[in-house]
2 protein chains.
Amino acid sequence: MHEPTRQRTGIPGAMSDSAVAERLRRAGLRPTRQRIALAKLLFDRGDRHITAEELHEEAIIARVPVSLATIYNTLHQFTDAGLLRELSVSGAKTYFDTNTSNHYHYVFEADGRVEDIPASEVRVLGLPEPPAGTRVLRVDVVVRLADD
Amino acid sequence: MHEPTRQRTGIPGAMSDSAVAERLRRAGLRPTRQRIALAKLLFDRGDRHITAEELHEEAIIARVPVSLATIYNTLHQFTDAGLLRELSVSGAKTYFDTNTSNHYHYVFEADGRVEDIPASEVRVLGLPEPPAGTRVLRVDVVVRLADD
DNA sequence: ATTTGTGCAAATCGTTTGCATCTGA
DNA sequence: TCAGATGCAAACGATTTGCACAAAT
């Protein structure tokens, strides 16, 4: 139960409020209390896939009272600002991915969990030209897994 | 009334009721009026991607009064029976694909439309072994397109 | 006769919106 | 100050569910 983790601050996270504020500002977002708090929850822990509901709970636990509406607003603003990526991967809920770089996902059908496909050299070959008048925004690859 | 055309055309469809009934029976489904009617709407026209709402409208137009609840039930039963494939591809609505073979999709972000990637030699290379205790159900590839 | 399917309306779930109230630059 | 954020509750759209009724074997 205890990792050799010296300090939970060796993790990517542990940005100071002002560093987070600066990051938000650079993204064109006014650094409000809620946005700073949510940004820290989102980005202080490396790559994660999180739903609005989950983030809301974390916020409450972290004693950052935010309404669900604000969570949704914030997630979408962060997405528009390029800080997050939206994953539409399983039917119902929407996941937000703190890793906006090019990568692919596992989806565990058993519980709907989403995870990155690790260290992969995954490549998609043989894609035809996109239809006239359109351009490729991105290519999503989802590997659906069932319990063995 | 009259039977203007026995087989509407060379289109895949035009299965007789009894042929459809047989197909349902083979899939382990009791061939009821509604299921037969819906199966014909779904499968008489080659590959399609359709939502519950859309199928409901088609059914009404085809003078097959079915409730939306039954549409949902039927789509899921067909999916469980392997007659359809569920596509969770864009946030809100769920698409059902009458083509259950291995193929990939375009999603037009502009309107959420889904289409098959045509005649493709698409291959996904470099996937790692699935995590212990799991097996790959399938690999989905979605190419998201925006208007140019 | 028994089992299974169907229709309806109400219920649920995730998400969005309208609006009055705050807050940060 | 004052545009922009936030909270709340009501609104929403897609899907599901509970239960009385109807149809298939």
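Just so it is clear, the values below take in all heavy atoms, side chains as well, and ignore hydrogens, waters and symmetry mates. Chain letters run A, B, ... following the sequence lines, proteins first, then strands; residues in each count from 1.
- Regarding contacts with the backbone of C/dA25, every side-chain N or O of A/Arg30 stays at 4.0 angstrom or more from both OP1 and OP2.
- One interatomic measurement links the two molecules: CZ of A/Arg25 to P of C/dA25, which rounds to 6 Å at whole-angstrom precision.
- Side-chain proximity of A/Ala69 to the nucleotides C/dG7, D/dC8, C/dT15 is greatest for D/dC8.
- Of the side-chain N and O atoms in B/Arg33, one or more sit less than 4.0 angstrom from OP1 or OP2 of D/dA24.
- Regarding A/Leu87, its CG atom lies at a distance of 17 Å from the P atom of C/dG14, rounded to whole Å.
- Nearest-nucleotide mapping onto DNA chain C: of A/Tyr95 and B/Gln77, the residue sitting toward the 5' end is B/Gln77.
- D/dA11 atom C1' lies 15 Å from atom OH of A/Tyr72, rounded to whole Å.
- Taking the six-membered ring for Trp and the full ring otherwise, B/His76 and B/Phe96 have centroids separated by under 6.0 Å.
- Rounded to whole Å, atom P of D/dA14 lies 11 Å from atom CD of B/Glu54.
- Under 4.0 angstrom from either OP1 or OP2 of C/dG7 there lies at least one side-chain N or O belonging to B/Gln34.
- Ring geometry, B/Phe78 versus B/Phe43: the interplanar angle falls under 30°, so the pair is classed parallel (tilted spans 30 to 60°).
- For C/dG7, one of the phosphate oxygens OP1 or OP2 lies less than 4.0 angstrom from a side-chain nitrogen or oxygen of B/Ser67.
- Where B/Thr51 and B/Pro31 meet DNA chain D, the nucleotide closest to each residue was compared, and B/Thr51 sits on the side nearer the 5' end.
- In the displayed structure, B/Arg33 atom CZ is contacted under 6.0 Å by at most 12 heavy atoms of other residues, nucleotides or ligands.
- Checking C/dT15, D/dT17, D/dA5 against every side-chain atom of A/Arg35, the shortest atom distance belongs to D/dA5.
- The CG atom of B/Leu24 sits 14 Å away from the C1' atom of C/dT4 (whole-angstrom rounding).
- Between A/Thr32 and the phosphate of C/dG24, there is no side-chain N or O to OP1/OP2 separation shorter than 4.0 Å.
- Within the 4.0 angstrom heavy-atom criterion, only backbone atoms of the sugar-phosphate kind lie near B/Thr94; the bases stay farther away.
- Interatomic distance, B/Ile117 CD1 to B/Leu145 CG, rounded to the nearest 0.5 Å: 8.0 Å.
- As a whole-Å value, the separation of A/Leu68 CG from C/dT17 P is 15 Å.
- Contact annotation: B/His76 does not reach the phosphate of D/dT15 (side-chain N/O to OP1 or OP2, under 4.0 Å).
- In this structure, the CZ atom of A/Phe78 is 12 Å from the C1' atom of D/dA5, given to the nearest Å.
- Taking a cutoff of 4.0 Å between a charged side-chain nitrogen and a carboxylate oxygen, A/Asp17 and A/Lys40 qualify as a salt bridge.
- Atom NZ in A/Lys93 sits about 16 Å away from atom P in D/dT15, given to the nearest Å.
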